[in-house]
Protein chains: 2
Amino acid sequence: MAGQGTSCGRKRCRGKEYSCSMELSLAVIGGKWKPLILWHLRDVTTLRFSALRRAMPSITQKMLTQQLRELEADGLITRTVYAEVPPRVEYGLTEPGRDIIPILEALCRFGKEFEARFGLEDAGAVPDHAARR
Amino acid sequence: MAGQGTSCGRKRCRGKEYSCSMELSLAVIGGKWKPLILWHLRDVTTLRFSALRRAMPSITQKMLTQQLRELEADGLITRTVYAEVPPRVEYGLTEPGRDIIPILEALCRFGKEFEARFGLEDAGAVPDHAARR
DNA sequence: CAGGATCCAACAGGATACTG
DNA sequence: CAGTATCCTGTTGGATCCTG
């Protein structure tokens with residue numbers, strides 16, 4: 001019962017349940033890959049599927065497809081299919097999608113500071129999908 | 001070998017692997033609960049464990065404990081144990097922790113816009129842990 | 001080339017019981 | 001009160017094979 005100070009309550013938007021808008025945002029752009037995808041689309045007009053794969057060597061094609069579909073469904077990216085042989089599909093940011101970039105940049109800055117405070121460890125070998133022959 | 005345009009590479013900091021700082025940030029403040037916890041600590045000096053539980057009825061105590069420990073380990077919150085009976089433990093934001101608040105506010109704003117674009121659906125019954133008698 | 005479909009492993013996260 | 005410990009389940013996400 002009763003109003004809280006922190007603007008919470010149970011809502012649902014596009015199938016995502018959340019208590020505050022911030023939670024909704026995380027449902028939309030959170031996760032392991034979506035920020036990366038948006039980030040790669042940040043300073044180009046469009047990228048095709050294969051280019052995105054090359055940009056993120058450690059994502060599987062299934063995950064990439066899945067995340068792209070969700071981003072598209074949420075109106076953050078456009079998906080343009082060119083009916084050619086071989087097929088070509090290009091992805092680009094929508095206006096709402098561009099609105100996220102500043103937030104990602106802020107996250108990026110925070111990450112850098114965090115990095116600076118704690119320092120780096122050795123990452124060891126890189127288990128990229130691309131590098132596997 | 002191979003310089004990328006998008007500032008990626010494989011690093012590791014505090015056990016978290018990532019390719020860009022933004023990814024690191026998401027590892028630190030991402031997930032289902034951490035933003036919420038930080039958010040609830042935003043405008044108070046400290047909150048005790050039970051108060052946080054009450055503020056987030058749908059989190060289990062196990063998850064709350066776990067997330068609090070990780071946030072503490074990452075230097076985002078403080079944990080103060082008062083050796084009394086009954087025990088009292090209070091959590092508060094550190095300076096680095098406060099740096100995240102503006103980002104969360106930005107996420108919050110984005111969420112509101114997203115909400116406004118797509119509208120709300122009915123959330124149905126609320127399966128809160130607290131409300132279960 | 002871009003993905004759909006399937007199978008499977010790993011892990012996040014929930015329920016419950018117990019403790020200082 | 002504020003946890004720990006254990007068990008168990010659902011979901012996420014990876015590997016692999018197939019198709020327009």
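First the proteins, then the strands, lettered A, B, ... as listed; each starts at 1. Every value quoted in this text rests on a predicted model; they were computed, and no experiment measured them.
- Under the 4.5 Å side-chain heavy-atom criterion for ILVMFWY residues, a single connected hydrophobic cluster contains both A:Ile77 and A:Val81.
- For the pair A:Glu17 CD and C:dG13 P, the computed distance is 16 Å after rounding to whole Å.
- Taking all atoms of both residues into account, the shortest heavy-atom contact from B:Ile103 to A:Ala106 is CD1-O, 3.6 Å.
- Linking Ile, Leu, Val, Met, Phe, Trp and Tyr whenever their side-chain heavy atoms come within less than 4.5 Å puts A:Leu120 and A:Phe110 in one cluster.
- In this structure, the side chain of A:Thr78 engages the main chain of A:Gly92 through a donor-acceptor pair within 3.5 Å.
- Atom P of nucleotide D:dG14 and atom CZ of A:Arg53 are separated by 12 Å, given to the nearest angstrom.
- Whole-Å rounding puts the A:Ile37 CD1 to D:dG13 C1' distance at 13 Å.
- Side-chain atoms of B:Ser21 never come within 3.5 Å of backbone atoms of A:Gly111 as a donor-acceptor pair (strictly under, hydrogens ignored).
- No donor-acceptor distance shorter than 3.5 angstrom exists from the side chain of A:Thr46 to the backbone of A:Tyr91, with no hydrogens or angles considered.
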Exercise for review: Any chance you could list the contact pattern along nucleotides 1-6 of chain D? Use B for base contacts, S for sugar-phosphate-only contacts and - for none, protein heavy atoms under 4.0 Å, 5' to 3'.
Suggested key: BSBB-B
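- Taking atom CG of residue A:Leu47 and atom C1' of nucleotide C:dA2, one finds them 15 Å apart after rounding to whole Å.
- Straight-line distance from the NZ atom of B:Lys16 to the P atom of C:dA12: 11 Å, rounded to whole Å.
- In this structure, A:Gln67 atom CD and C:dG4 atom C1' are separated by 16 Å, rounded to whole Å.
- Distance NZ (B:Lys32) to C1' (C:dC11): 14 Å, rounded to an integer number of Å.
- A:Gln66 has its CD atom 16 Å from the C1' atom of C:dA2, to the nearest Å.
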